[in-house]
Amino acid sequence: MARYNPAAAEPKWQKAWAEKDCFAAGRHSERPKYYVLEMFPYPSGKIHIGHVRNYAMGDVIARFKRARGFDVLHPMGWDAFGLPAENAAMQTGGHPKDWTYGNIEVMREQLKRMGLAIDWTREFATCDPEYYVHQQRLFLEFLKKDFVERRESLVNWDPVEMTVLANEQVVDGKGWRSGAPVERKSMSTWFFKITDRAEDLLDALDDGRLQGWPAHVKEMQRNWIGRSEGLMMSFPLSGDDLPQDKLPIYTTRPDTLYGASFLGVAPDHPLAKHFADQDPDCAAFIAECQAQGTSEADIEKAEKKGYRLPVTGRHPFTDEELPVYIANFILMQYGTGAIFACPAHDQRDLDFARKYDLNVIPVVCPPDADPSSFEVADEAYVGPGSMMMSGFLDGLPAEEALPAAIKKIEEMGWGEGTTNYRLRDWGLSRQRYWGCPIPIIHCDTCGAVPVPDDQLPVSLPPIDASEFKTPGNPLDRESTKSWREVPCPKCGDMARRETDTMDTFVDSSWYFARFASQPEAAPVEKAEADAWMPVQQYIGGIEHAILHLLYARYFTRNLKDCGYTDVSEPFTNLFTQGMVTHATFKDAEGNWLFPEQVDVKGKQAFAVDGGAEVAVGPIEKMSKSKKNVVAPEAIADAYGADAARFFMLSDSPPERDVEWTDAGVEGAWRFANRVYETVAKGEGVLNAKTPMPTELSDDLMALRRTTHKTIEGVTGDIEHFRFNKAIARLYEFLGACKNLKTDGDAAPVAAEALGALTQLTAPFMPHLAEECWGLLGGEGLCTDADWPEVDEALLSEDVVTLPVQVNGKRRGEIKVAPDAAEDAVKEAALSQADVARFMEGKTVRKVIVVPGRIVNVVAG
RNA sequence: GCGGAUGUGGCGGAAUUGGUAGACGCGCCAGAUUUAGGUUCUGGUGUCUUAUGGCGUGGGAGUUCGAGUCUCCCCAUCCGCACCA
């Protein structure tokens, strides 16, 4: 008998699906809609195995939902702007555009080879002017609605990428992509005012709107937004020639105001700068602080240091004059960049106070301590307690003193209770070529003027490839002068086009909406967008837990306010899949080796070329630099796309990392062949359409039961993203079909079983399933067939086997009817031979019967 | 330091509400097929043991007829955030 031949079958069925337009969305208006989306890929060159895992998951859902009667939208596109294209251009002498579109061509073909159920008619790349023209429209609408503004501010400058980064893109003080230490620079750039939506972005995490999100992703966003309740207040300052007469501070502990012993400002606070201009020592101190690293280790060993300024602040309650210091542990970016310090109840303040010999006044007395003698030594007390040495607050529990202190400060007119967020506005300007141009013209008279709608898109000017050999933004150079110098749309005088482009995270903040609806004249058409949105299942990597997912949530709210959708949360259910890992190999010289250069024998490994021993390193995320990668095409050539897809979902739960092994994919390959061979025994059984007899032998009934239990199990598993369990069930079911007969009464039973086996396998191995469907004589395409129905009556057994325990240990088993009376079960259990043997010399104290589960005899 | 998770055979991992621990796959062992290797197929495979026995879910206690699952304490690993006032 012929074996299954994926090399022939896979292209054949891909062609058949394409010819029938099977996966075009929106063709079944009568069906409920379902939108499943995987995070679209960056066209970096080739598809890697991690993509295969990601898209295989989405594809299982798409095919499953389709078979379950949904009109499914499952699109694909390209997150195509970005710096790697410019870097590649710099290295190869090419153009970012050619590099990007070339990669897209390659990767599209690779993806198509995977046999994904994708509506390719909706494909686009974010670098297509037909896409980014709408992004420019949105930007200008946001500008009108005051969602975006231009401001001069300190920005994070990445000296390697030569561009500004958003706070989210700075990791440990370094650029997220380049790894270079980020510099602080003052520049005039555009900001999305995401902080205006901080509260709603946070509330949605907790009020059930994001129930389908993993808790840890929500937690990460919660921490990132970083809400705190506190008091914003100003201390009046005294001193000579001050730039400000008050110092605004933010605190979450206004209850400890009586414990204040000094005020502090950040090294880059305006007040500090003011004194630095006239005092070289002060300037030197600030320079020293700025040289201080921000990595974990740096912070750990960084000593608390300060510089006393010739100024004092007056305490609101005591009128005492508090000294003002520049302190190296205060951050300009948080709150107001200034604090009041209460050393007794804050460790940093305490360290500082001890060093500079400042007062330590305990004002919160721990519950078990005596207020007349309580003191703080080297450890600040941060626990609960009642107020002491605190005037009108004395005796109150700290949690009551807090609002009381705020109320008092508000009455005095010195400040007010506020909510503060760690989240800061999203700087979107990038000084790069390969991005969406910001549609603004700068005029000396009129300022920043929006490009009129009839002049959109502002397209990227054609640039000679040689320009990319020079680092920096070519849009800013001589060669693009004619593009850059244009008349002001308002006054007609010569003006300059904005040369910054948008952060590429803007591109991915609304692409999902554009997939749903793609009119020519607007970003989306509302009714059509809302028919699909929100994305009901979004799938992607955990690395986007904050950046992309937070930005997309924010952007969708803007879209809603602009009337493009009724949706404010774009992704109802989020699934974050694990990575694909692989062992690493190094030769004697310490060079990394590709897996195909290594012959693994047990725990040892040898070079294919020469046979020298190779060191087997840890199993790590696949990366080009460590060469622990496998090419999806090579796998598809050897085993077929189905086997690759199947293996990626079979071993580990999808949220966990999975290790790629050749043995694993071979197992998937074996499975495919065994399914094919098993199905081949029932050639034509579906076509015969033999009616199911009313009476069946025990064997055949058992197979029917197994079939329906498997349908039920696999259905539930897919719905709950338990792909590894669904696959385990398929293996079991295959085993149950091994010796099946196909003649006489057995024919309809075999048709049911093999039909189900084929259909349940289809979301995972769609090409194999079509081939099997054809063999069985199924009608049309397996892809178009309705998902098999469960016959509830077949889920229960006539006889169940119950384990019987004696004193909690399993001693035997009995067979009873599932609805047998408790007394009958007890009697059967006690009379069972093995059980009886263990009961010798003991008396029964109690018999616990859990119907359908277990019997436990308590004896002594 | 703060927050979140995880811990089960040689390995990846299964185990509804607390109810037969180790499904399924990989690996390994034995056998069959094959000239041989590979492939394929069949059977076995937690551990100790003379066993129709004992022990077993990171460690320790507890609740319960019964705990991988619940409670408390401890240990380890991973992830995220981090001088956030």
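A quick note: this is a predicted structure, and the numbers were derived from the prediction, not measured.
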query = For U20(B), does either OP1 or OP2 sit under 4.0 Å from a side-chain N or O belonging to Lys809(A)?
reply = no
key: d(CE, Met232(A); P, A85(B)) in whole Å   = 12 Å
task = Please work out the stems of RNA chain B from pairs that are Watson-Crick or G-U wobble with both distances under 3.5 Å, keeping only runs of three or more consecutive pairs.
result = B:1-7 with B:75-81, B:10-12 with B:24-26, B:27-32 with B:40-45, B:46-48 with B:53-55, B:58-62 with B:70-74
inquiry  = If I take atom CG in residue Leu423(A) and atom P in nucleotide C84(B), what distance separates them, rounded to the nearest angstrom?
reply    = 18 Å
ask   = OP1, OP2 of U40(B) versus side-chain N and O of Asn673(A): anything below 4.0 Å?
value = no
key: Steps toward side-chain hydrogen bond (donor to acceptor under 3.5 Å, both in side chains) verdict (Thr581(A), Lys621(A))   = CA-CA 4 Å; Thr581(A) 62; Lys621(A) 177 186 178 171; over 6 Å; no
message = Quick check: any donor-acceptor pair below 3.5 Å linking the side-chain of Asn856(A) to the base of C65(B)?
response = yes
message = What's the gap between U40(B) and C65(B) when it is taken at their C1' atoms, as a whole Å value?
response = 50 Å
query = Closer than 4.0 Å, any side-chain N/O of Arg348(A) to the OP1 or OP2 of G1(B)?
reply = no
message = I want to check one thing: is the phosphate of A82(B), taken as OP1 and OP2, less than 4.0 Å away from some side-chain N or O of Arg422(A)?
response = yes
remark   = Testing A82(B), G25(B), A14(B) for proximity to the side chain of Pro653(A), the answer is A14(B)
query = What closest approach, in Å, do Ala753(A) and Thr707(A) show between heavy atoms, and which atom pair accounts for it?
reply = CB-OG1, 3.6 Å
task = Could you check which of G80(B), C83(B), U20(B) has an atom nearest any side-chain atom of Arg853(A)?
result = U20(B)
Aromatic contact, Tyr639(A) with Phe647(A) (centres under 6.0 Å) = no
query = Taking syn as any angle within 90 degrees of 0 and anti as the rest, which one fits G62(B)?
reply = anti
request  = Sticking with atom P, work out how far U57(B) lies from A30(B), rounded to a whole angstrom.
outcome  = 31 Å
task = May I ask you to verify if any side-chain N or O of Arg670(A) is less than 4.0 angstrom from the OP1 or OP2 atom of C26(B)?
result = yes
Rounded interatomic separation in angstrom, taking CG from Asn807(A) and P from A67(B) = 12 Å
task = Assess whether side-chain hydrogen bond (donor to acceptor under 3.5 Å, both in side chains) is satisfied between Ser261(A) and Tyr356(A), documenting all intermediate values.
result = CA-CA 11 Å; Ser261(A) 55; Tyr356(A) 294 100; over 6 Å; no
message = From the set G4(B), U20(B), A15(B), return the single nucleotide nearest to any side-chain atom of Lys725(A).
response = A15(B)
ask   = Cut-off 3.5 Å, side chains only: do Gln347(A) and Asp351(A) have a donor facing an acceptor?
value = yes
inquiry  = Just N and O in the side chain of Lys846(A): are any of them under 4.0 Å from OP1 or OP2 of G66(B)?
reply    = no
inquiry  = What is the distance, to the nearest angstrom, from the CG atom on Asn223(A) to the C1' atom on C79(B)?
reply    = 12 Å
ask   = What nucleic acid atoms does Arg811(A) come within less than 4.0 Å of, heavy atoms only: base, sugar-phosphate, or nothing?
value = sugar-phosphate
key: Leu802(A)/Glu813(A) under side-chain contact (heavy atoms from CB on, under 4.5 Å): CA gap, chis, key distance, verdict   = CA-CA 5 Å; Leu802(A) 292 187; Glu813(A) 58 184 40; over 6 Å; no
task = Among the candidates C26(B), A23(B), C83(B), find the nucleotide nearest to the side-chain atoms of Ala663(A).
result = C26(B)
task = Take the protein atom OH of Tyr334(A) and the nucleotide atom C1' of C83(B), then report the distance between them rounded to whole Å.
result = 12 Å
ask   = Below 6.0 angstrom between ring centroids: does that apply to Phe671(A) and Tyr731(A)?
value = yes
query = Within the structure shown, what part of the strands sits under 4.0 Å from Ile330(A) by heavy-atom distance: base, sugar-phosphate, or nothing?
reply = base
query = Across the strands shown, which category fits Ser650(A) at heavy-atom distances under 4.0 angstrom: base, sugar-phosphate, nothing?
reply = nothing
Euclidean distance, atom CD of residue Glu677(A) to atom C1' of U42(B) [Å, nearest integer] = 15 Å
key: Sugar-phosphate, base or nothing in reach of Tyr250(A), heavy atoms under 4.0 Å   = base
query = For atom P, what is the distance between A14(B) and U52(B), given to the nearest Å?
reply = 33 Å
request  = Could you tell me which non-hydrogen atom of Thr195(A) sits nearest to which non-hydrogen atom of Leu423(A), and how far apart they are?
outcome  = CG2-O, 3.2 Å
ask   = Nearest to the side chain of Gln805(A), which nucleotide is it out of G12(B), A21(B), C83(B)?
value = A21(B)
query = Of the nucleotides G19(B), C24(B), G43(B), which one has an atom closest to the side chain of Glu732(A)?
reply = C24(B)
task = Send over the distance from Lys355(A) NZ to C83(B) P, rounded to a whole Å.
result = 19 Å
inquiry  = In whole Å, measure the gap between the C1' atoms of U47(B) and U33(B) for me.
reply    = 34 Å
task = Check whether any side-chain nitrogen or oxygen of Arg656(A) sits under 4.0 Å from OP1 or OP2 of G13(B), and answer yes or no.
result = yes
key: Pair Asp206(A) + Arg222(A): basic N to acidic O under 4.0 Å   = yes
remark   = From CH2 of Trp669(A) across to P of G25(B) the rounded distance in Å is 18 Å
request  = Mind checking Lys738(A) for me? I need base, sugar-phosphate or nothing, with any heavy atom below 4.0 Å counting as a touch.
outcome  = sugar-phosphate
task = Determine the contact category for Asn724(A): base if any of its heavy atoms lies under 4.0 Å from a base atom, sugar-phosphate if only primed atoms, P, OP1 or OP2 are that close, otherwise nothing.
result = sugar-phosphate
ask   = Rounding to the closest angstrom, what is the interatomic distance between G62(B) and U69(B) at atom C1'?
value = 15 Å
request  = Give one of base, sugar-phosphate or nothing for Gly664(A), where a contact means two heavy atoms less than 4.0 Å apart.
outcome  = nothing
request  = Look at the aromatic rings of Tyr381(A) and His345(A) and report parallel, tilted or perpendicular, splitting at 30° and 60°.
outcome  = perpendicular
inquiry  = Can you tell me if Arg227(A) touches the phosphate of C84(B), counting only side-chain N or O atoms and a distance under 4.0 Å to OP1 or OP2?
reply    = no
